[in-house]
Amino acid sequence: MKRSNHSELDDFLEDDSFRLWVFEKATPEAAQQWDNFLLLYPQKEFIFRKAQEVLRAIEGDTFVLPTASVRHNIRQIMQDTEPAPFVQSIPWYHSPVWRWAAAAVVVLVVSWYSWHRNQQALPPSTAIYRQMVSASAAPLEEVENKTTQSRLVLLADGSSVVLQPNSRISYPKQFDQHPKREVYLTGEAFFEVAKNPDKPFFVYADNLITKVLGTSFTVRAYDRQAVDVTVKTGKVSVFTRFDKERVEKKESKQLIGLVLTPNQRGLFDREEGRLLRSLVESPNLLDMPIQRSVFEFNDTPVSAVFASLEKAYGVEIIFDAEVMKNCYLTASLDDEPLFEKLNMICQTLDAQHEQMDGKILISSKGCQ
């Protein structure tokens, strides 16, 4: 049976190779495959660990059952957890130790099935996201977009994130106390990262790690076979969480690994475990307004400038149109996060901006 097809408890329990590995009797080749299993399929960690616990309860140090009996008892335990009642004859093994172990295993499996039914609806990317967030050493803030519209998330370093529906992101409230800027994503988001070569920015999504020094790009990690990164401006480096050189790639001051440039896409096939690079050819890969926006303004009325920002970021900008009717902007703002764009606009027009209740307020004395 292919290891990747192991999705139910009995897939592991009835696998001779897995049972031998649990009790350290597998061949070196099989042992290496099972040692690396969670690196390739981290979303299966709970069922993987639970299968280990069940086998150890059945074949603990107190007694050892023959292989045929193990299989019989595994199947019987799985039947015991089915909703329909049935009558079971007493097995051949009458030891009090066996009765105690069997009862413990049934309780263990029943509790696992209760949990598993609730978890089956979770996409693999969400399961991995939860594992990474819970393992983070830093306290994290979480934003979940339950709406049908994009949601703007502003990070403490000045980076901006356009979070798509049915997506969530976790990040430290402050980055100052951490050597790296690290965020965790499940779903889809467009990132505009504030430039800081001394403190690289990492996005962890599914099994993919995206490293940037300051640029704009989209990450998608939904419940599907592939995870992808699409670059709008600048360069990013992508590599997997089980890359043997991931530590070197994370610590390097340069972008190494699979480096993507504008209009390139990095695609990680979860099932195949392969990371590929391609050009952005399909228009549906650029389905967010901010991905298609070009913030090049040439003597453009400020009302049109603010309308462009509102559409791209999904944020409301409030200003006095009458006071600023004579204000025009000439600027190229394509690669900066939202607040850097606003800073440049306000400096040029001698205006000020502030954030209030999720809206951007612009104050100005007008332009001559």
Review point. Would K365 and D350 satisfy salt bridge (Lys or Arg N to Asp or Glu O under 4.0 Å), going step by step from the backbone distance to the final call?
Key: CA-CA 8 Å; K365 296 179 180 180; D350 192 23; over 6 Å; no
Practice item. Please lay out, stage by stage, how R151 and E144 fare under the test salt bridge (Lys or Arg N to Asp or Glu O under 4.0 Å). Key: CA-CA 9 Å; R151 179 173 178 179; E144 182 178 6; over 6 Å; no
Exercise for review: Could you give me the CA-CA distance, side-chain angles and deciding distance for H6 and F18, then say whether ring-ring contact (aromatic ring centres under 6.0 Å, His included) is met?
Suggested key: CA-CA 11 Å; H6 286 40; F18 179 76; 7.7 Å; no
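Note that K250 lies in the cation-pi zone of F202, set by a 6.0 Å cut-off to the ring centre and a 45° limit from the axis. Because its NZ or CZ atom is both nearer than 6.0 Å to the ring centre of Y41 and within 45° of the ring axis, K44 counts as a cation-pi partner of that residue.
With sequence neighbours left out, E251 forms a side-chain contact (heavy atoms from CB on, under 4.5 Å) with K180, V247.
No option in L185, L140, L155 other than L155 meets the side chain to side chain contact (heavy atoms under 4.5 Å, CB included) test with Y171.
Between the side chains of Y129 and S170, at least one donor N or O sits under 3.5 Å from an acceptor N or O. Side chains of Q164 and Y222: no donor on one and acceptor on the other come within 3.5 Å. In summary, the side chains of E188 and S167 do not present any donor paired with an acceptor at a separation below 3.5 Å, with no hydrogens or angles considered. A donor-acceptor contact closer than 3.5 angstrom links the side chains of S332 and E296.
Using a 30° and 60° split on the angle between ring planes, F48 and W21 fall in the tilted class, from 30° to 60°. Ring pair Y184/Y204 is parallel by interplanar angle, where below 30° counts as parallel and above 60° as perpendicular.
No donor-acceptor pair under 3.5 Å is formed between the side chain of R277 and the backbone N or O of G266.
Legend: side chain to side chain donor-acceptor pair (under 3.5 Å) pairs involving residues 252-261, not counting sequence neighbours, sorted by first then second residue: T261-Q264.
A distance of 9.0 Å separates CZ in F191 from OG1 in T218, rounded to the nearest 0.5 Å. Remark: E45 CD to L38 CG distance equals 5.5 Å, nearest 0.5 Å.
Minimum interatomic distance between V238 and L275 (heavy atoms only, all atoms of both residues): O-CD2, 3.7 Å. A194 approaches P337 most closely through the heavy-atom pair N-CG, 3.7 Å. In this structure, T147 and N145 approach most closely via the heavy-atom pair OG1-OD1, 2.6 Å.
Other residues, nucleotides and ligands place more than 12 heavy atoms under 6.0 Å from the CD atom of E310. At most 12 non-hydrogen atoms from other residues, nucleotides or ligands lie less than 6.0 angstrom from NZ of K173. Residue-environment remark: CG (N166) stays at or below the threshold of 12 foreign heavy atoms within 6.0 Å. Other residues, nucleotides and ligands contribute at most 12 non-hydrogen atoms within 6.0 Å of the CZ atom of R274.
Members clustered with L20: none, using a 4.5 Å side-chain heavy-atom cutoff among hydrophobic residues.
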